[in-house]
Every structure is written in C-alpha cells, then in structure tokens.
Trainee: 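The structure is given below, and queries will be raised subsequently.
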Amino acid sequence: MSTGHGTRDPLGVAFFGVKKMKSSSYGIGKRKDFLIFGAPLLKQAEIDEVLAVMKSGWLGTGPRVAQFEQDFGNYKGVPHAAALNSCTAALHLSILAAGIKPGDEVITTPMTFCATANAILHAGGIPVLAEINPDTLNLDPEQVESKITPRTRALLPVHFAGRPCDMDALCHIAERHNLKLIEDCAHAIETEYKGRKAGTLGDFGCFSFYVTKNIVTGEGGMVLARNAEDLARIRVLGLHGMSKDAWKRFGDDGYKHYQVVECGFKYNMMDLQAAIGIQQLKRIDAQWQRRREIWQRYNRAFADLPIALPADPEPNTRHAFHLYTILVDELRTGMSRDAFLESMTAQSIGVGVHYLSLTEHPYYRRALGWKPEDCPNAARIGRQTVSLPLSAKLSDGDVEDVITAVKGIAARAFHAHA
Ligand SMILES: Cc1ncc(COP(=O)(O)O)c(C=O)c1O
C-alpha cells in the first residue's frame, strides 16, 4: 500500500517477538479511511491561483515563477532565488556551479534521500560519506574532517528533519580547507541556526517543494546562492543553457531570439507549480506552528514508551519540524521495525522510513563499494527508524488516531515481550 512517499521496504515477519498473527487481529479502533503519510494542506487560495494561471493561458515558466522567487527570497532575506522543478535539480546545478569536476570528492551524509548522492554523481563528482551524530542524525563535523583528502572540493550537509547541522563547525572546516558548502535544505525551509536562515549559511542552499514537504508545489525546488554570478549561471543551466530570460521569448512584447551559451538541462519550474507555492508560502508560519504542536503532543504521549523519540531542538536554533522519527529497537521492544510499519498500516495509518542508510542500497554498494559497517550509526538508525505523520493537514482526531495506534501496538508488543 502506498504511504504517499514512494515504495516501502519488504515487511518483517516477526510480530512483537511472538508468532506472526494476522494484523487485523489487532482491530483496535481502526480508522475507516487511510491516513496518508505526508499529505499536504491545500486550501481554496491555491485552487483559485491555479485556476487563474489556467485562465491566463501562460502555464509554463513566467510571471508567477518570478513572483514565487521574489517571495521566497524575501522570506529568506536574500535578494535573489532561482526556482527549479525539484531540489534534485537544485542540488545538481549547485554542484556544477560550485565547479565540481569529474573525480572531485564531495562529503555528504548516509542519512538522506538518494537524490543527495545521485546529484553529486550526475555532476561527475564522487560522494564520500561521513558518519552522523546518533542523537541529531546530522553529520558529525569530526567525522567530516576525517574524510577530507586532497581531492575533496565540497561539503554537502543535510539538515535532517529540519534540525540545523552544526554549521559553525562545518563552515569552519569548509573555510580551512577551501571547500564549497552546499546545504541540502529539502527538510529545512523554516530552519534557523543562531539567527541565520538555512540555505544562507553556505555557498548554496537547495530547497524542495515535493508533495510531502513543508510547503509544496507538487514537484518543485529553489536555489539560493551567496554569489549572484553563480545564481545567474544556475538560471541559464536550468533552462537548456539558453541566455538570460529566454522564457520571455513568447511574451507580449514580441518574439526574442535566444542564444545557447552552455549545454543545460530542462529543470525549469512552471507557473502552474509556482501558483501553489505562492499561496503556500503565505501560510508557512501557521503550518509550522501546527506541526510543532503535533510534535509536542507526540512527545508527551510517547514519553513512557520504550522507543527513542527525536531529540529536542538545540537552543538558539529553529527546527523546521519536517519529520517526527521514532526508533523501534527490537531488543528493547521485542518487535522489528518492519513489523511495526506493518501494524501501523493495518491500523490505516501511513508511515515512512527516513532513511535506510545510503550504504544499504545495491547501486551504491556495487558502484562505490559502500558497506553498512562504514557508518554504523546510520546503518543502525536506518534499520530502526519510523516516521509518523506530521503534516499540518492532520486534525486533532488524526493525531489521536496515530497516538492510539502507536500505544496500542506498543501495549501488545511489550506485554508479549515481557
Ligand atoms: C534530504 C533530501 N534531499 C533531496 C531531496 C530531493 O528533493 P526533490 O524531490 O524535490 O527532488 C529530498 C526529497 O525527498 C530529500 O528529502
């Protein structure tokens, strides 16, 4: 069954350390409708804006993309931002604009979506993994430092779940070793570190508006760059390598010739997508407040269960509350993580896994020789982690359903385990 976030792993066989039972036998207050993991909160304003785009006849890249870029730049307190069709595209073009050449090494985290490593590979770079801090799930700066070689050219940290990385330490490492710093802010639109906004601390900041993200455009991404020339190059690379403002060529002031100045990509955002983003951005703080409320409600409800809860946000930071991840340790609970996923699904609650360590995937093992033992914290956490629904769309009743399901499964599991 879909959890709203792609495919899931094969399910485990052991239920709570006891014989496998039919999941329906748990039948405790099961919801009628399936609670989709990561469903976005969409309102009439988004529908009206999309309709207006359709009526305007200009569906592709145009004035609404320009407006969304300006609004996002204002939100981040920077003069310019470039919209693209995904965060993957934003990462790819940032890595190219950072000057990464074939064979150059880029240090990143194993606790991320595959797009982070794939973007490095597509740009010709070699992703090098550093271990994470098991509490924050972010890159451990000491481990990053230990991976630096003469071929290292950039760091690519991910602000996991919206918790900022230790940016003082990472910026310091980048400065000392003359490395570019590209922030993967896919989870981190609202994130702040010591009063500074995520995506403005490094050379590049890359954002996602994928359907499960904190604000959505369906598919969509945005790049910030410290250097205006880098951002200008990203704009050109994102639209076939055509000269500046080529999208205006069909506008009402007549046909404009364009020049192809680089071999670029088809990575542009459409006005249809930007229309959703413009309205979503207006509600960003209200949605953040709601997710924070849900996060705190979960913390109170699960405080006594033998599962690990996410660490509290660090002082002097703003957590974006993108994911609420618990750890189900079979040794403590008598229940495998995958059995827990199956039980939640049987209760009609969608769940996610963020993430199996990148070292678990066959492609990277084959192509790069990665092994789970390379990053044992990431491997262990990747095998125990479960993301619970945290969308601003959740009603109080939905949140209570999630809590009832987790507690019900836990009560049976731990009883059987004891
Ligand atoms: C950490 C991280 N990086 C990159 C991406 C890629 O984002 P997009 O789907 O917008 O390409 C995602 C998306 O799930 C992500 O979670």
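Keep in mind the model is a prediction, meaning the values are calculated, not measured. Indexing begins at 1, ligand by ligand and atom by atom, following the structure's order. Heads up: numbering here begins at 1 and tracks the sequence. For the numbers below, each heavy atom of this structure counts, side chains included, while hydrogens, waters and symmetry mates do not.
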Trainee: Tell me whether A119 reaches ligand 1 (any heavy atom closer than 4.0 angstrom to a ligand atom).
Mentor: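 Flag not set, A119 not near ligand 1.
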Trainee: Aromatic contact between F209 and F72, with the criterion being ring centroids under 6.0 Å apart: yes or no?
Mentor: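 Ring centres of F72 and F209 closer than 6.0 Å.
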Trainee: Distance under 4.0 Å to a non-hydrogen atom of V158: what atoms of ligand 1 satisfy this?
Mentor: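 Numbered from 1, ligand 1 contributes 1 (C).
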Trainee: Counting only heavy atoms, which portion of F207 has something under 4.0 Å from ligand 1: side chain, backbone, both, or neither?
Mentor: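 No part of F207 comes within reach of ligand 1.
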Trainee: Do any nitrogen or oxygen atoms of T112 lie less than 3.5 angstrom from nitrogen or oxygen atoms of ligand 1?
Mentor: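 No.
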Trainee: Which atoms of ligand 1 are found less than 4.0 Å from any heavy atom of G220?
Mentor: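 Answer, ordered by atom number: 10 (O).
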Trainee: Under 4.0 Å from a heavy atom of S86: give me the atoms of ligand 1 that qualify, with their elements.
Mentor: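 That gives atoms 10 (O), 11 (O) of ligand 1.
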Trainee: Counting only nitrogen or oxygen atoms and a 3.5 angstrom limit, does E219 reach ligand 1?
Mentor: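 N/O-N/O distance under 3.5 Å: no.
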Trainee: What atoms in ligand 1 come closer than 4.0 Å to a heavy atom of T116?
Mentor: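 Taking each heavy atom of T116 in turn, ligand 1 has 3 (N) under 4.0 Å.
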Trainee: Applying side-chain contact (heavy atoms from CB on, under 4.5 Å) between E190 and each of H319, H322, R291, R292, report the one that passes.
Mentor: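 The side-chain contact (heavy atoms from CB on, under 4.5 Å) with E190 is passed solely by R291 among H319, H322, R291, R292.
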Trainee: Below 30° counts as parallel, above 60° as perpendicular, anything between as tilted: where do the rings of Y324 and W295 land?
Mentor: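 If you compare the ring of Y324 with that of W295, the planes turn out perpendicular.
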Trainee: Quick check on H354 - does any of its heavy atoms sit under 4.0 Å from an atom of ligand 1?
Mentor: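 Under 4.0 Å: no for H354.
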Trainee: For E373, does its backbone N or O pair with a side-chain atom of W370 as donor and acceptor, under 3.5 Å?
Mentor: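 No, the answer is negative, given that no donor and acceptor are paired below the 3.5 Å cut-off.
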Trainee: Does D374 pair with K371 as a salt bridge, N-O distance under 4.0 Å?
Mentor: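 Salt bridge: yes.
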Trainee: Taking the side chain from T191 and the backbone from G162, do they hold a donor-acceptor pair closer than 3.5 Å?
Mentor: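 Looks like yes, one N/O pair under 3.5 Å.
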Trainee: Compute whether any side-chain donor of one residue and acceptor of the other, for K76 and N74, lie under 3.5 angstrom apart.
Mentor: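 No pair is found: no donor N or O on one side chain lies under 3.5 Å from an acceptor on the other.
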Trainee: Answer with side chain, backbone, both or neither: which part of T88 has a heavy atom less than 4.0 angstrom from an atom of ligand 1?
Mentor: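 Looking at T88 and ligand 1, atoms from backbone and side chain both fall under 4.0 Å.
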Trainee: Relative to ligand 1, is H187 under 4.0 angstrom through side chain, backbone, both or neither, heavy atoms considered?
Mentor: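 Answer for H187: side chain.
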Trainee: Hey, what's the ring geometry for Y267 with F265, parallel, tilted or perpendicular (30° and 60° as the breaks)?
Mentor: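 Ring orientation, 0 to 90° scale: parallel.
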Trainee: Checking the N or O distance criterion of under 3.5 Å, is ligand 1 in contact with Y210?
Mentor: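 Not met; the criterion fails.
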Trainee: Report the part of C87 in contact with ligand 1, treating N, CA, C, O as backbone and CB onward as side chain, heavy atoms under 4.0 Å; options are side chain, backbone, both, neither.
Mentor: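 It is both parts that get close, each with some atom under 4.0 Å.
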Trainee: Does the structure place the NZ or CZ of K197 under 6.0 Å from the centre of the six-membered ring of Y75, at an angle of no more than 45° from the ring's axis?
Mentor: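 Yes, K197 and Y75 form such a contact.
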